[in-house]
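To start, the structure under review is shown below, and the notes come after it.
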Amino acid sequence: MSGRRNWISGGRWALGLSALLLVGSVPVGAQVDLGTDAQRETGKRVYDKYCSQCHGDTGAGDGYAAPFLRPKPRDFTSGKYKIRSTPNGFLPTDDDIRRVIQAGIPYTAMPAFPEFSAVEVTGLIQYLKTFSSDFEDPEAYAPPLAQPAAPPYSADNVASAVEVYEQIGCARCHGVEGRGDGASAPTLVDDWGDPIRAADLSEPWTFRGGATREDIYRSISTGLNGTPMAGFESGLTPEERWKIVDFIYSLADGQTEPGYASLVTATSIEGGLELERGEEMFASAKPALLPVMGQIVQLGRAFHPGVRAVEVRAVYDESDIAFMVSWSDIQANRNGENSPHLQVEELVSTASGSESDEGGFWGEEEATEDGGDFWGEEESGDASEGGGDDFWGDDTGDAVATLDADTAEFSDAIALQFPRTLPTGIRQPYFINGDSQHPVELWYVDLGYPDAPELWEGRGSAALTVTDEAPPYVTATYKDGQWTVIFKRSRTPAQGIGFAEDTFVPLALSVWDGFNEERGSRRGLTAWYPVYVPPLETVSPVGPMVKTAGGVLLAELLLILWVRRRVAKGTDSGDLAGSAT
Amino acid sequence: MMNLAVVLPVLAVLIGIRFAKPSMLGWVTAWWLAAWVVLDFGFAVPVPKTVVKEFMGIISLALAAYVTSDPQRWREVREPTTAFLTERKFLPLLVLVTLAIPAAVAASIYFDMTAPAQAPIFGRTVHPAPPATLTVHEVTHDMQTLDNPYRKLEASDPAAFAVHVEAGRKIYYENCFYCHGDLMQGGGMFAHALNPIPTNFQDSGTIAMLQESFLFWRVSKGGPGLPEEGGPWMSAMPAWENFLTEEEIWEVILFLYDFTEQRPRALHVASGGEGH
């Protein structure tokens, strides 16, 4: 601990406190409460174990994890807190901080700590305050804004809100459909100079301050300090704010949870799978929202992928199958180059604090773009290790990256991954690019070149090659912050995966966000998910039901008759002993 | 793993019935029902329906053999059955039962045929047996004798030990918490996108019952290093030998135990992994 606002150096505190006493007129609502020594002591003990690894020993947001995170862990020395009940630019209340500690901040690294006792949380709050002198300044406090009870949701509001939404300028950052793709969105930075994305309003479960209508109202009123998201307490009347709340609420159909799917079920449709039909073809298909994680398993990691989830729909008829994949993207990046096999360096955001311990950590491996070094100690194979080497593939040298990662621009791209052949049992290929014994195929399209989709074969990340097989047909559109890519292929291709009726075909996706400088190994990906293709003709259960039930009934009657006849004839009388009538 | 909330009550009922001195028919029926309940509901990972049917077939045959192998038992079962099938006073009940059985069969066929298809589930072995030897960064170790080189410092040089633990902490928060969570409960920011989910190290059924050599194997070889029964194709656990030195792997293991306040299983207790 060497913070300039360290409470252990008591002199400063004494000063601050006496200053407080001198200031006779404290503004209304100001409540400078810096806690007791014991509280701060408790807070420091908890902080040093549970918080400093991210927020740093001195609260400067420069902990071990900081270089890998976006948004970065908060720099508490700034006194800027996003989630507050107080007006824009003012300090949070203790309850505001308490809420963050207990509930966490969704879709960021900031975890929830529900297990801490009340004493521990209060201690933490008081200790966090010691990091910023703002908390000693009564002027920095303001009473919470009024938070009226939510009026019932009204669909009428939605239509009239659109006008306000665009007029006041929300669309400039958040985009017309709220997908975070407004004209100024790509230029936004936070107060620490880090790039920040305008929230995707169609995914309220990712809101920092909560997804209920009350939460949204509060966030719009107070704004998020330290970010370009201002407070609209004076810019919008409460009625206007509730209208906008309902508009945002309607973007996700009132969902406050993402409802991730575990299965993609294809729907059979009539009229032929023609790409010209576009999205209309998928009107009856059930959407499956699949969560995307950063590729942080193999070298060239992506710690903060630009895409959080993709929505998948599938339709089929006798001959073909088509998939529609859609996801929010801040910008369509069509210039640049990308390819699944490129092995690129991992992207680490520059540490705002200590640069000293950066760089050396990742060792020499990544200094080169030479595939051989990149995949580490593959040669040290040993059969007893469970065949781990098979998962990297034989690096023949073909797969070595040829692109200069620094100069070229980055384009968006998407790949659907299937096993090369339908797994017979439970065994699937390795979920990232397959393995030597269990190859996968990638239906890959660089969205800079949507007319040139490719069909790749993967036998491990170091063994990815383009095949000369006919790739699927693809159309790609980008509109209002959303990519929609449709793939169509025969259900019974000459080579590669087929989609027979009543089967489960594993699907995994990779998605590259060019704006986030993703390329090759640095990308978002999903786990395996089964795609189910129901039979085109469903067999009615009535036939088998009648037949089997009839058979059973007949057998029963025969048994009863047989027993009755034996008893009547007296054959059984010996055994029945005294009970015979 | 058995589901004790089901198994224990079934056992209690069986014992209770024993004391009630039931007829042979009642006794056999009770056993048949008990076997079915345990098979169908008694396991934490549900037994597939086809397997349940197979086992129930075997159990029915076994009970039949038990009953018919002794003339006394056979009579005790046959007499009430014959009475039920022939006597006038049972007639309404007989009609009911005779109709109920085919109805139940038809209903079961209906539900089988109209149930939405289920993707095959894979019950992976969470802690499969580790290999006998392990090669990491070109050094081959014997798993029987492999131990954390820093562990002894805990007693002999606590200050040096603390330095290694802190190094492990740094490694953990640069590499691991995205999945295993900053509290090591398995709830990291990417955990919701993973299947199987990242291991919860706070759970007493994970690192507390494992040797450090086992963790060294798992951390260095990751998901791809698992044997087939562990589901190597689906685990997102990275093979950390590609990122970390041997020393760093031992240090992060120290930190897992330090943060969760757990102790590794001692080396001499047993060798090999735990099958589950």
Side-chain angles (χ1 to χ4, degrees), chain A residues 50 53-54 63-65 68 107-109 111 260 263 291-294 296-299 303 361 375-377 380 382 384-386 388 391 426-431 435 438 502 504 526-528 530 532 534 539 541 544-546 548-550 552-553 556-557 560 563-564 567 572 575-576 579 581, chain B residues 75 78-79 82-83 85-87 94 98-99 101-103 105-106 109-110 113-114 117 119-120 122 131-138 140 169-170 172-174 177-179 181-183 187 189-190 192-195 221-228 230 232-234 236 238-239 241-243 259:
Chain A
Y50 293 102
Q53 58 272 45
C54 288
Y64 296 144
F68 306 94
Y107 291 83
T108 75
Y260 293 122
L263 173 75
V292 171
M293 67 179 277
I296 55 165
V297 180
Q298 301 182 341
L299 292 159
F303 295 95
F361 181 78
W375 300 100
E377 323 280 304
S380 62
D382 177 336
S384 65
E385 288 157 28
F391 285 69
I426 215 77
R427 179 61 158 92
Q428 298 165 348
Y430 187 48
F431 78 109
D435 52 86
H438 307 85
D502 202 19
F504 291 91
T526 75
W528 282 122
Y532 180 61
V539 188
M545 281 166 70
V546 171
T548 321
V552 170
L553 187 66
E556 284 176 330
L557 291 177
I560 294 169
V563 171
R564 289 196 163 199
V567 173
D572 262 9
D575 287 68
L576 286 169
S579 76
T581 38
Chain B
R75 196 172 310 119
R78 197 171 53 156
E79 280 170 11
T82 314
L85 294 183
T86 52
E87 285 177 28
L94 179 64
T98 311
L99 291 178
I101 292 175
V105 169
I109 290 178
Y110 177 83
M113 288 185 66
T114 52
F122 172 63
T133 63
L134 179 66
T135 304
V136 176
H137 292 299
E138 288 163 30
T140 303
R169 183 170 182 245
K170 181 165 192 278
Y172 186 85
Y173 288 101
E174 286 176 335
F177 83 96
Y178 314 95
C179 296
D182 76 303
L183 290 175
M189 54 197 286
F190 289 144
H192 66 285
L194 298 177
N195 174 22
K221 298 295 173 186
L226 285 166
E228 288 294 294
W233 62 92
M234 61 198 301
E241 61 176 348
N242 296 322
F243 298 86
F259 186 88

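Bear in mind the structure is a predicted one, so any value in this text is a computation, not a measurement. Quick note: numbers below take in every heavy atom, side chains included, and nothing from hydrogens, waters or symmetry partners. Each chain gets a letter, A, B and so on, in the order its sequence line appears, and its residues count up from 1.
A:Q298 approaches B:F243 most closely through the heavy-atom pair C-CZ, 3.5 Å. The minimum heavy-atom distance between A:A527 and B:A193, with the atom names listed, is CB-O, 3.7 Å. Closest approach of A:P544 to B:M113, counting heavy atoms only: CG-SD, 3.9 Å. Considering every non-hydrogen atom in both A:M545 and B:A106, the closest pair reads CG-O, 3.4 Å. Closest approach of A:A109 and B:F177 over heavy atoms only: CB-CE1, 4.0 Å.
Chain B forms more heavy-atom pairs under 4.5 Å with one residue of A:V292, A:V552, A:V297 than with any other, namely A:V297. Comparing A:G63, A:P530, A:P429 by heavy-atom pairs within less than 4.5 Å of chain B, the highest count is held by A:P429.
Separating the NE2 atom in A:H438 from the CH2 atom in B:W233 is a distance of 8.5 Å, to the nearest 0.5 Å. The OG1 atom of B:T98 lies 4.0 Å from the CD1 atom of A:I560; values are rounded to the nearest 0.5 Å. The line from NZ of B:K170 to CD of A:Q53 is 13.5 Å long, rounded to the nearest 0.5 Å. Interatomic distance, B:M234 CE to A:Q428 CD, rounded to the nearest 0.5 Å: 6.5 Å. The line from CZ of A:F431 to CG of B:L194 is 7.0 Å long, rounded to the nearest 0.5 Å.
Neither the backbone nor the side chain of A:V546 has a heavy atom closer than 4.5 Å to any heavy atom of chain B.
Other residues, nucleotides and ligands place no more than 12 heavy atoms under 6.0 Å from the OH atom of B:Y110.
In this structure, the side chains of A:R564 and B:L85 stay at 4.5 Å or more apart for every pair of heavy atoms. For the pair A:C54 and B:D182, the minimum side-chain heavy-atom distance is 4.5 Å or more. Looking only at side-chain heavy atoms (C-beta outward), A:F303 and B:Y178 come within less than 4.5 Å of each other. Contact of the A:Y64 side chain with the B:R169 side chain is registered, since non-hydrogen atoms from C-beta on lie closer than 4.5 Å. Side-chain contact between A:F504 and B:P120 is present, with at least one heavy-atom pair separated by less than 4.5 Å. B:M189 places none of its side-chain heavy atoms less than 4.5 Å from the side chain of A:T108. Using a 4.5 Å heavy-atom threshold, the side chains of A:L553 and B:I101 count as separate. At a threshold of 4.5 Å between non-hydrogen side-chain atoms, the residues B:P224 and A:D435 do not count as touching.
Ring geometry for A:Y50 against B:F259 counts as perpendicular: the plane angle is over 60°, on a 0 to 90° scale with 30° as the lower cut.
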